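Residue numbers start from 1 in every chain, and the chains themselves are labelled A, B, ... in the order their sequence lines are given, proteins ahead of strands. The figures that follow rest on heavy atoms only: side chains count, while hydrogens, waters and symmetry mates do not. Everything quoted here is computed from the prediction, not taken from an experiment.
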Number of protein chains: 2
Amino acid sequence: MMSHGSVSELTELEGVALSVVARSGTMTAYGVKEVLAGSPSRFWSGSAGAVYPLMKRLTKRGLLSPSDTATGRRAATTYTLSPDGQRALRAWLSDVDKAVDPGIDPLRFRLLYLSLLNENEKQQFMSEVSQRLAEAIAAHPFPGGPDVFDNRNHQIWMKARRQAFEEAAREL
Amino acid sequence: MMSHGSVSELTELEGVALSVVARSGTMTAYGVKEVLAGSPSRFWSGSAGAVYPLMKRLTKRGLLSPSDTATGRRAATTYTLSPDGQRALRAWLSDVDKAVDPGIDPLRFRLLYLSLLNENEKQQFMSEVSQRLAEAIAAHPFPGGPDVFDNRNHQIWMKARRQAFEEAAREL
DNA sequence: GGATGCATGTAAAATGTTACATGATTTA
DNA sequence: TAAATCATGTAACATTTTACATGCATCC
């Protein structure tokens with residue numbers, strides 16, 4: 001049998017968290033939380049309750065190296081990637097199976113079931129979505145951080161989703 | 001203040017579950033589980049431990065009406081949408097804010113952080129992803145059920161993602 | 001009639017959300 | 001210097017995963 005887990009597999013949240021740390025070189029839990037909170041997606045809550053424990057778990061797994069950076073009399077921890085963390089991140093980033101997974105797209109789900117609405121509701125929905133997508137594409141800087149959820153990347157994805165939306169609409 | 005919650009808001013999982021029931025008119029927890037398990041996305045686990053309790057919660061919230069359909073001596077419950085369930089589902093389906101949310105796209109995240117890999121790794125990744133996307137688009141019937149995660153819809157979305165991928169690649 | 005798979009769940013553990021607490025720092 | 005905001009967490013609760021248990025049907 002192939003050795004299945006020389007590096008531990010990461011969830012999307014874990015992978016993104018490690019990426020954020022790696023990109024900066026060093027980062028606190030708060031910093032990671034802020035980046036996530038700046039995401040255009042509501043699926044990244046960026047809540048303290050999610051992120052602080054996450055960083056602890058990744059530390060316990062040996063993927064992050066904490067250092068105590070208390071300022072004044074206040075406790076604080078800054079993290080860097082350990083060598084194992086770097087390996088795990090590389091494995092996550094280049095995981096093609098995960099990459100091609102369609103993930104979760106709320107628009108896709110709705111188009112799949114839109115026939116459950118009546119004609120009026122459908123029309124209304126399609127027209128509002130169309131408008132909102134156009135706005136999202138036009139809006140250069142969306143509110144939030146420029147790091148993970150980089151504007152340009154966001155725009156590219158929104159354009160692709162609009163295309164899917166229009167194609168699906170044609171077949172509705 | 002506006003009455004904020006005459007119908008309870010649904011998560012994506014809840015919305016999809018109600019949609020599956022609504023489309024069939026009637027369905028067991030097992031049926032819903034099977035549809036979810038047939039999804040191309042790993043984010044829908046379709047595990048019994050997720051679905052059976054979910055159906056109970058939706059029942060408790062008054063959105064599903066259970067009926068006892070024991071066959072022989074074995075307990076079984078089939079569900080239909082209650083009037084409140086229908087309203088909640090309509091509200092979910094036509095929720096434009098949720099619809100435009102980018103959701104979770106594993107490919108998007110990876111392209112965002114791909115610069116953390118070295119040139120070789122990047123090349124390898126891009127070429128493999130490209131191939132896998134092409135395969136996914138060409139493959140007419142993907143393994144799994146034809147209901148929620150309808151082939152045609154899946155294909156449209158994969159095409160859109162390939163376009164985003166190519167555009168992002170050009171700017172890498 | 002034993003093995004295999006379908007159908008219906010539950011239990012323990014992990015993860016994530018919401019809400020709170022509290023120390024430090026900036027701002028009015 | 002009081003109020004607001006930033007930063008660092010924890011606690012209770014809800015949800016989800018993983019793993020197990022078990023009854024019925026079918027097929028070999």
Side-chain angles (χ1 to χ4, degrees), chain A residues 4-5 8-18 20-21 24 26-39 41-61 63-64 66-79 104 144-145, chain B residues 4-5 8-17 20-21 24 26-39 41-61 63-64 66-79 103-104 144-145:
Chain A
H4 72 94
S8 29
E9 297 247 318
L10 303 174
T11 63
E12 295 301 294
L13 178 58
E14 289 166 349
V16 169
L18 287 190
V20 170
V21 176
S24 292
T26 189
M27 183 138 282
T28 63
Y30 183 79
V32 173
K33 170 180 117 50
E34 285 303 285
V35 173
L36 294 177
S39 158
S41 166
R42 299 150 161 229
F43 291 87
W44 295 135
S45 75
S47 70
V51 176
Y52 284 84
L54 169 68
M55 302 299 271
K56 274 194 187 163
R57 286 199 302 274
L58 292 171
T59 302
K60 198 169 297 176
R61 281 163 63 183
L63 307 181
L64 288 176
S67 40
D68 190 0
T69 48
T71 329
R73 255 183 8 10
R74 180 81 184 277
T77 311
T78 20
Y79 296 93
I104 292 183
Chain B
H4 72 91
S8 30
E9 296 247 318
L10 302 173
T11 64
E12 294 302 294
L13 178 57
E14 290 166 347
V16 169
V20 170
V21 176
S24 292
T26 188
M27 184 138 281
T28 63
Y30 183 80
V32 173
K33 170 180 119 48
E34 286 302 284
V35 173
L36 294 177
S39 156
S41 167
R42 296 148 163 234
F43 290 88
W44 295 134
S45 75
S47 70
V51 177
Y52 283 84
L54 169 67
M55 302 298 274
K56 273 195 189 164
R57 286 199 303 274
L58 292 173
T59 301
K60 199 169 297 176
R61 280 164 64 185
L63 307 182
L64 287 177
S67 41
D68 190 1
T69 48
T71 328
R73 255 184 6 15
R74 180 78 182 278
T77 312
T78 26
Y79 297 92
I104 292 183

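Taking the side chain as every heavy atom from C-beta outward, Val20(A) and Leu36(A) never approach each other to under 4.5 Å. Between Val35(A) and Val16(A) the shortest side-chain heavy-atom distance does not fall below 4.5 Å.
Contact record, Glu12(A) with Trp44(A): C-CH2, 3.9 Å, taken as the closest heavy-atom pair. Considering all non-hydrogen atoms of both residues, Ala48(B) and Pro53(B) come closest at O-CD, 3.6 Å. Across Ser41(B) and Ser39(B), no two heavy atoms sit closer than the pair N-OG, 2.8 Å. Annotation for Met55(B) and Ala29(B): closest pair CG-CB, 3.9 Å, computed over non-hydrogen atoms.
For the salt bridge (Lys or Arg N to Asp or Glu O under 4.0 Å) test, no residue two or more places apart in sequence or in another chain qualifies with Arg57(A). Every residue two or more places apart in sequence or in another chain that forms a side-chain contact (heavy atoms from CB on, under 4.5 Å) with Arg61(A) is listed here: Ser8(A), Leu10(A), Glu14(A), Leu58(A), Leu63(A). Remark: Ala76(B) pairs with Thr69(B) by the side-chain contact (heavy atoms from CB on, under 4.5 Å) rule, at least two apart or across chains. Residues passing the side-chain contact (heavy atoms from CB on, under 4.5 Å) test with Pro66(A), sequence neighbours excluded: Thr59(A), Thr77(A), Tyr79(A).
Residue Met55(B) contributes atom CE, which lies 15 Å from atom P of dT15(D) at whole-angstrom precision. In this structure, CH2 of Trp44(A) is placed 19 Å from C1' of dT18(C), rounded to the nearest angstrom. One atom, CD of Glu9(B), and another, C1' of dT17(C), lie 15 Å apart when rounded to the nearest Å. Going from atom CD of Glu12(A) over to atom C1' of dG16(C) covers 16 Å, rounded to whole Å. Put simply, CZ on Arg42(B) is 17 Å from C1' on dT18(D), counting in whole angstrom units.
The only member of Leu64(A), Val21(A), Thr78(A) that meets side-chain contact (heavy atoms from CB on, under 4.5 Å) when paired with Met27(A) is Val21(A).
Note on the helix from dG1(C)-dC28(D) to dA28(C)-dT1(D): angle between the axes of the first and last five pairs equals 20°, rounded to 10 degrees.
Note on Ser45(B): every side-chain N or O is 4.0 Å or more away from OP1 and OP2 of dT16(D). Of the side-chain N and O atoms in Lys33(A), none sit less than 4.0 angstrom from OP1 or OP2 of dT8(D). In this structure, Lys56(A) reaches the dT10(D) phosphate: one of its side-chain N or O atoms is under 4.0 Å from OP1 or OP2.
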Between protein and nucleotides 3-7 of chain C, what N or O pairs are separated by less than 3.5 Å?
residue, atom, partner, partner atom, Å
dA7(C), OP2, Tyr30(B), OH, 3.1
dA7(C), N3, Arg74(B), NH2, 2.8

Dump every N/O contact between nucleotides 12-15 of chain C and the protein below 3.5 Å, one line per pair.
residue, atom, partner, partner atom, Å
dT15(C), OP2, Arg57(A), NE, 3.3

